[in-house]
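Read the structure below first, then the notes.
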Amino acid sequence: MVASLSWLLGKWRSEDGFGHYPTLKDFKYIEELEFTHIGQPNIQFTFYAFNFETKKPMHREVGFIRMDPETKKVAFISAQNTGLVEVEEGELAAPQELHIQSHTVGRMTFGKEPGVKEIKRTFKMVGDELEQVISMATSATAMTEHLRIRYKKMP
(Lines give C-alpha, C1' and ligand atoms only; values in the text may rest on other atoms or scores of the structure.)
Protein backbone atom coordinates (compact mmCIF):
# COMPACT_ATOMS: atom_id res chain seq x y z
CA MET A 1 0.00 0.00 0.00
CA VAL A 2 2.91 2.39 0.53
CA ALA A 3 5.30 1.07 -2.14
CA SER A 4 4.76 4.18 -4.28
CA LEU A 5 6.13 6.28 -1.37
CA SER A 6 9.23 4.12 -0.82
CA TRP A 7 11.44 6.90 -2.25
CA LEU A 8 10.88 8.76 1.06
CA LEU A 9 12.18 5.93 3.25
CA GLY A 10 15.39 6.41 5.21
CA LYS A 11 17.19 9.18 7.08
CA TRP A 12 17.69 12.57 5.46
CA ARG A 13 19.68 15.61 6.63
CA SER A 14 20.22 19.18 5.55
CA GLU A 15 22.18 22.12 6.90
CA ASP A 16 20.74 24.33 4.21
CA GLY A 17 17.17 25.11 5.29
CA PHE A 18 15.83 28.60 4.69
CA GLY A 19 12.83 30.10 6.46
CA HIS A 20 11.05 33.36 5.86
CA TYR A 21 7.64 34.81 6.52
CA PRO A 22 6.22 38.35 6.56
CA THR A 23 6.04 38.37 10.38
CA LEU A 24 9.49 36.78 10.96
CA LYS A 25 13.11 37.60 10.38
CA ASP A 26 14.66 35.32 7.72
CA PHE A 27 16.54 32.38 9.21
CA LYS A 28 18.60 29.32 8.34
CA TYR A 29 18.05 25.95 9.96
CA ILE A 30 19.29 22.37 10.06
CA GLU A 31 16.82 19.50 9.84
CA GLU A 32 16.87 15.73 10.05
CA LEU A 33 14.01 13.61 8.74
CA GLU A 34 13.39 9.93 9.10
CA PHE A 35 10.73 7.95 7.27
CA THR A 36 10.28 4.34 8.38
CA HIS A 37 7.99 1.45 7.53
CA ILE A 38 7.37 -1.53 9.82
CA GLY A 39 4.95 -3.53 7.71
CA GLN A 40 1.77 -1.61 8.50
CA PRO A 41 -0.08 0.29 5.76
CA ASN A 42 1.61 3.57 6.69
CA ILE A 43 4.95 5.32 6.87
CA GLN A 44 6.03 6.79 10.20
CA PHE A 45 8.06 10.00 10.25
CA THR A 46 10.02 12.26 12.58
CA PHE A 47 11.28 15.74 11.68
CA TYR A 48 13.85 17.45 13.93
CA ALA A 49 14.91 21.05 13.21
CA PHE A 50 17.82 22.87 14.84
CA ASN A 51 18.94 26.48 14.89
CA PHE A 52 21.71 26.87 12.31
CA GLU A 53 23.80 29.18 14.51
CA THR A 54 23.37 27.71 17.99
CA LYS A 55 22.44 24.10 17.05
CA LYS A 56 19.68 24.27 19.69
CA PRO A 57 16.50 22.24 19.04
CA MET A 58 13.63 24.05 17.36
CA HIS A 59 10.65 22.46 15.63
CA ARG A 60 9.72 18.80 16.21
CA GLU A 61 7.12 16.89 14.24
CA VAL A 62 6.01 13.25 14.36
CA GLY A 63 3.34 11.39 12.48
CA PHE A 64 2.19 9.03 9.78
CA ILE A 65 1.62 8.99 6.05
CA ARG A 66 -1.17 6.80 4.69
CA MET A 67 -2.26 6.10 1.14
CA ASP A 68 -5.66 5.19 -0.21
CA PRO A 69 -4.80 1.90 -1.96
CA GLU A 70 -7.37 2.49 -4.71
CA THR A 71 -6.03 5.93 -5.73
CA LYS A 72 -2.98 8.19 -5.54
CA LYS A 73 -4.51 10.00 -2.54
CA VAL A 74 -2.24 10.51 0.45
CA ALA A 75 -2.93 11.60 4.05
CA PHE A 76 -0.23 13.16 6.21
CA ILE A 77 -1.08 13.17 9.95
CA SER A 78 1.24 15.09 12.30
CA ALA A 79 1.65 16.43 15.81
CA GLN A 80 4.12 19.22 16.52
CA ASN A 81 5.87 20.42 19.65
CA THR A 82 4.43 23.89 18.97
CA GLY A 83 0.96 22.62 19.94
CA LEU A 84 -0.24 22.14 16.36
CA VAL A 85 -1.93 18.95 15.14
CA GLU A 86 -2.90 18.59 11.52
CA VAL A 87 -4.22 16.35 8.81
CA GLU A 88 -3.03 17.18 5.32
CA GLU A 89 -4.30 15.40 2.23
CA GLY A 90 -3.30 15.42 -1.38
CA GLU A 91 -1.87 13.07 -3.91
CA LEU A 92 1.16 11.62 -5.49
CA ALA A 93 1.52 14.07 -8.40
CA ALA A 94 4.41 12.22 -10.08
CA PRO A 95 6.38 9.08 -9.24
CA GLN A 96 8.52 11.04 -6.75
CA GLU A 97 6.46 14.15 -6.02
CA LEU A 98 3.84 14.60 -3.32
CA HIS A 99 1.50 17.61 -2.91
CA ILE A 100 -0.56 17.88 0.27
CA GLN A 101 -2.68 20.56 1.94
CA SER A 102 -4.25 20.75 5.38
CA HIS A 103 -7.95 20.18 5.75
CA THR A 104 -7.84 20.00 9.57
CA VAL A 105 -5.62 22.13 11.80
CA GLY A 106 -5.98 21.92 15.57
CA ARG A 107 -4.03 23.90 18.10
CA MET A 108 -3.74 24.10 21.85
CA THR A 109 -5.95 26.71 23.48
CA PHE A 110 -3.02 28.69 24.86
CA GLY A 111 -0.93 28.80 21.66
CA LYS A 112 0.42 32.22 20.81
CA GLU A 113 -1.10 34.29 18.05
CA PRO A 114 -1.24 34.51 15.16
CA GLY A 115 -2.52 30.96 14.80
CA VAL A 116 -1.76 28.71 11.85
CA LYS A 117 -4.91 28.24 9.75
CA GLU A 118 -3.66 26.30 6.71
CA ILE A 119 -0.52 24.50 5.50
CA LYS A 120 0.61 23.30 2.07
CA ARG A 121 3.62 21.01 1.50
CA THR A 122 5.45 19.58 -1.43
CA PHE A 123 7.96 16.78 -1.20
CA LYS A 124 9.86 15.87 -4.35
CA MET A 125 13.06 14.27 -5.47
CA VAL A 126 15.43 16.61 -7.28
CA GLY A 127 18.25 14.41 -8.54
CA ASP A 128 19.38 12.51 -5.45
CA GLU A 129 18.09 15.15 -3.02
CA LEU A 130 14.71 15.37 -1.29
CA GLU A 131 13.16 18.84 -1.38
CA GLN A 132 10.43 20.04 0.97
CA VAL A 133 8.61 23.35 0.54
CA ILE A 134 6.08 24.48 3.13
CA SER A 135 3.66 27.38 2.76
CA MET A 136 1.26 28.51 5.46
CA ALA A 137 -1.53 30.91 6.23
CA THR A 138 -2.14 32.32 9.69
CA SER A 139 -4.88 34.39 11.24
CA ALA A 140 -2.79 37.44 10.24
CA THR A 141 -1.14 36.43 6.93
CA ALA A 142 -2.40 34.93 3.67
CA MET A 143 -0.85 31.74 2.22
CA THR A 144 2.87 32.43 1.82
CA GLU A 145 5.94 30.25 1.37
CA HIS A 146 7.56 29.70 4.78
CA LEU A 147 10.23 26.98 4.52
CA ARG A 148 12.39 25.57 1.72
CA ILE A 149 15.00 22.89 2.22
CA ARG A 150 16.85 20.11 0.36
CA TYR A 151 18.10 17.01 2.16
CA LYS A 152 20.75 14.46 1.36
CA LYS A 153 20.15 10.83 2.25
CA MET A 154 22.26 9.63 5.14
CA PRO A 155 24.06 6.29 4.94
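Linking ILVMFWY residues whenever their side-chain heavy atoms come closer than 4.5 Å, directly or via other members, leaves Val87 and Leu5 in distinct clusters. Placement of Ile134 and Ile30 in two distinct hydrophobic clusters is found when ILVMFWY residues are connected by side-chain heavy-atom separations under 4.5 Å, directly or transitively. Under a hydrophobic clustering in which Ile, Leu, Val, Met, Phe, Trp and Tyr are joined whenever their side-chain heavy atoms come within less than 4.5 Å, directly or via other members, Leu9 and Leu33 fall into the same cluster. At a threshold of 4.5 Å between side-chain heavy atoms, the hydrophobic network of Ile, Leu, Val, Met, Phe, Trp and Tyr places Phe76 and Val133 in two separate groups. No continuous path of ILVMFWY side-chain contacts below 4.5 Å connects Tyr29 to Phe18, so the two sit in separate hydrophobic clusters.
Counting heavy atoms from C-beta on, the side chains of Glu88 and Ile119 come closer than 4.5 Å. Contact annotation: the side chain of Leu8 approaches that of Ile65 to within less than 4.5 Å [non-hydrogen atoms, C-beta and beyond]. Within the 4.5 Å cutoff, the side chain of Thr82 has heavy atoms near those of the His59 side chain. Counting heavy atoms from C-beta on, the side chains of Glu131 and Arg148 come closer than 4.5 Å. In this structure, the side chains of Ser78 and Phe45 come closer than 4.5 Å at one or more pairs of heavy atoms. Using a 4.5 Å cut-off on side-chain heavy atoms (C-beta onward), Gln101 and His103 make no contact.
Closest non-hydrogen pair, Asp16 versus Ser14, comes out as N-OG, 2.9 Å. Closest heavy-atom contact between Ala49 and Glu31: CB-OE2, 4.0 Å. The nearest pair of heavy atoms linking Leu92 to Val74 is N-CG2, 4.1 Å. Contact record, Trp7 with Met125: CE3-CG, 3.5 Å, taken as the closest heavy-atom pair. Here the shortest heavy-atom pairing between Leu24 and His146 reads CD1-CE1, 3.7 Å. The minimum heavy-atom distance between Met58 and Phe27, with the atom names listed, is CE-CE1, 4.3 Å.
Atom-to-atom distance recorded for Arg66:CZ and Ile43:CD1 is 11.5 Å, nearest 0.5 angstrom. Considering NZ of Lys72 and CE of Met67, their distance stands at 8.0 Å, rounded to 0.5 Å. Rounded to the nearest 0.5 angstrom, Thr141 OG1 and Met136 CE are separated by 7.5 Å. With rounding to the nearest 0.5 Å, the separation of CD in Glu86 from CD1 in Ile77 is 10.5 Å. For the atom pair Leu98 CG and Lys124 NZ, the distance stands at 12.0 Å (nearest 0.5 Å). The structure places OG1 of Thr104 at 11.5 Å from CD of Glu118, a figure rounded to the nearest 0.5 Å.
Looking at Ser139, its side chain does come within 3.5 Å of a backbone N or O of Gly115 through a donor-acceptor pair. In this structure a side-chain-to-backbone donor-acceptor pair under 3.5 Å is present from Asn81 to Arg60.
Listed by chain and number, the residues in a salt bridge (charged side-chain N to carboxylate O under 4.0 Å, His left out) with Glu32 are Arg13 (sequence neighbours excluded). In this structure, the side-chain contact (heavy atoms from CB on, under 4.5 Å) partners of Ser135, at least two apart in sequence or on a different chain, are Lys120, Met143, Glu145.
Each of Trp12, Tyr151, Phe35 was checked for a ring pair (Phe, Tyr, Trp, His ring centres under 6.0 Å) with Phe47, and the lone residue meeting it is Phe35.
Residue Lys153 places its NZ atom among more than 12 non-hydrogen atoms of other residues, nucleotides or ligands, all under 6.0 Å distant. Shown here is Lys55, whose NZ atom has more than 12 heavy atoms of other residues, nucleotides or ligands within 6.0 Å.
Screening residues 34-51 for side chain to side chain donor-acceptor pair (under 3.5 Å), with sequence neighbours left out, gives Asn51-Thr54.
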